[in-house]
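One structure is given here, and the rest of the page talks about it.
In listed order, ligands and their atoms are each counted from 1.
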Amino acid sequence: MERANFGSKLGIVLASAGSAVGLGNIWRFPCEAGENGGAAFILIYILCVAFLGVPVMVCEFVIGRRSQANTGRAYSVLAPGTQWKWVGLNGVMAAFLILGYYGVVSGWTLGYMIASATGGLSGDMDYARFFYDFSGNSWQPVACMVAFITLTHVVVVRGVKEGIERFSKVMMPVLLLIVCVLAVCSFSMPGAAAGLDFLLRPDFGKVDAGVVVDAMGQAFFSMSVGMGCLSTYASYFSRDASLMRTAGGVAVIDTCVAVLAGIIIFPAVFSVSGIETDAGPGLVFVTLPNVFRLAFSSAPVAGQVFSLMFYVLLVLAALTSSISLHEVSTAYLHERFAMSRKKAATIVTVFCILTGTVCALSFGPLNGVRLGGLTIFDLFDFVTAKLMLPLGGMFIAIFTGWKLDRSVVRDELTGGGRLYVPFFNSFIFILKYVAPVAIASIFVNEILK
Ligand code: TRP
């Protein structure tokens with residue numbers, strides 16, 4: 001069977017950036033930065049991106065393109081008969097689990113987008129109550145999640161080139177444009193300086209080991225690395241794409257969008273006085289709608305446009321990411337069991353809707369179901385983002401640094417000797433020593449907490 005491929009280098013960068021740019025950038029990053037010392041957090045985050053995120057991303061690219069296989073099989077191709085296959089299977093499992101709870105928050109963004117378009121988010125209302133009632137409701141969040149996963153399904157079913165690449169090529173430029181427009185608008189609001197000051201003033205007093213762990217976890221999650229999501233995409237890369245450059249480009253786009261999201265959110269929040277700033281997850285769903293209303297009280301239509309644009313942005317970002325998560329499991333089933341792409345995607349969709357439903361209901365009727373004090377949703381988040389991703393990332397680095405033949409890695413990075421690759425030895429050094437030690441120590445620290 002001939003393997004699917006991305007059609008162009010631009011498509012490769014945009015699809016990978018589409019995977020990376022997601023709720024992690026727009027929903028989680030601003031909260032994390034706001035709570036953990038502003039620019040101090042951003043600085044540590046950027047170090048994590050550069051010295052851990054990018055190298056691990058390059059490893060995933062090497063593994064995917066070299067093996068020409070989905071994540072579940074890639075390790076068996078590169079190291080046949082070894083236990084390394086578990087790293088790949090862990091990735092497939094992680095992707096599936098993440099998609100379940102990711103679909104829930106994405107569903108909320110879809111619900112908010114619709115509410116914003118139909119005027120349901122304007123006027124004098126209690127937004128905290130609205131969010132609480134909406135997310136705790138027993139059918140609305142489930143319906144939104146189902147709608148969202150279905151949208152994901154529709155794109156994935158069409159295939160790599162016609163579905164994923166095409167969608168990313170249209171939607172990523174739209175997304176980047178919206179980010180820029182919103183940042184300029186937010187910037188020009190009265191009081192924006194105070195918001196920027198809050199976001200960008202470094203407060204190193206807040207930085208402790210826990211913050212470094214958060215920054216690393218956030219970097220992995222935001223860049224989609226640690227489980228083979230991008231290695232599945234890389235198995236569709238053409239031979240002439242530069243892996244280093246692609247990883248660098250994706251990292252820059254991802255980081256810029258995250259910082260710009262902070263620049264959109266905080267000045268807008270601070271332009272409105274007397275409003276409680278919730279730097280937690282409620283930021284996007286409670287504080288912001290309030291801000292949109294108050295900041296534009298004399299021009300409600302402009303406020304509605306601003307708010308609609310913001311939620312469209314969230315939906316697009318979430319969609320390109322969920323597509324990449326869906327593709328991991330779809331490609332695995334499709335190739336492992338030689339079933340049609342449509343059948344594989346349908347199975348993934350159905351099972352995701354099941355896990356998603358349980359996660360969605362854990363804010364309402366199933367809220368009482370706790371494991372170790374965590375709701376089902378939080379448990380999914382904890383197990384995947386805090387355990388599976390860092391561990392996966394560590395093994396991916398070790399596999400590439402220690403197990404794979406140096407000549408294979410060099411061949412992939414130089415594209416068969418065509419490309420000049422600076423820092424090759426430093427890169428290998430990071431893979432062999434720095435990344436495993438850093439991730440392991442941070443990880444142990446987290447578990448012992
Ligand atoms: N990176 C995406 C975000 O920022 C989420 C995501 C997509 C992801 N694929 C992933 C996270 C793979 C971890 C692993 O929202």
Aromatic ring centroids of [X] and [Y] under 6.0 Å?
X: Phe6; Y: Tyr233; answer: yes
X: Phe363; Y: Trp108; answer: yes
X: Phe429; Y: Tyr433; answer: yes

Contacts table for ligand 1: protein N or O within a distance under 3.5 Å of ligand N or O, distances only.
residue  : atom   : partner : partner atom : Å
ligand 1 : 1 (N)  : Ser19   : O            : 3.3
ligand 1 : 1 (N)  : Ala20   : O            : 3.0
ligand 1 : 1 (N)  : Phe221  : O            : 2.8
ligand 1 : 1 (N)  : Ser222  : O            : 3.1
ligand 1 : 1 (N)  : Ser224  : OG           : 2.9
ligand 1 : 4 (O)  : Ala20   : O            : 2.9
ligand 1 : 4 (O)  : Gly24   : N            : 3.4
ligand 1 : 4 (O)  : Asn25   : OD1          : 3.3
ligand 1 : 9 (N)  : Ser224  : OG           : 3.3
ligand 1 : 15 (O) : Leu23   : N            : 3.1
ligand 1 : 15 (O) : Gly24   : N            : 2.8
ligand 1 : 15 (O) : Tyr102  : OH           : 2.6

Apply side chain to side chain donor-acceptor pair (under 3.5 Å) to His153 and list each qualifying residue two or more places apart in sequence or on a separate chain. Thr349

Partners passing side chain to side chain contact (heavy atoms under 4.5 Å, CB included) against Val77 (at least two apart in sequence or in another chain):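 Side chain to side chain contact (heavy atoms under 4.5 Å, CB included) check on Val77 returns Ser67, Ala69, Arg73.
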
Sort and list the pairs that fulfil side-chain hydrogen bond (donor to acceptor under 3.5 Å, both in side chains) and have at least one residue in residues 250-262, not counting sequence neighbours.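 For residues 250-262, and leaving out neighbouring residues, the side-chain hydrogen bond (donor to acceptor under 3.5 Å, both in side chains) pairs sorted by first residue read Asn25-Asp254, Ser222-Asp254.
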
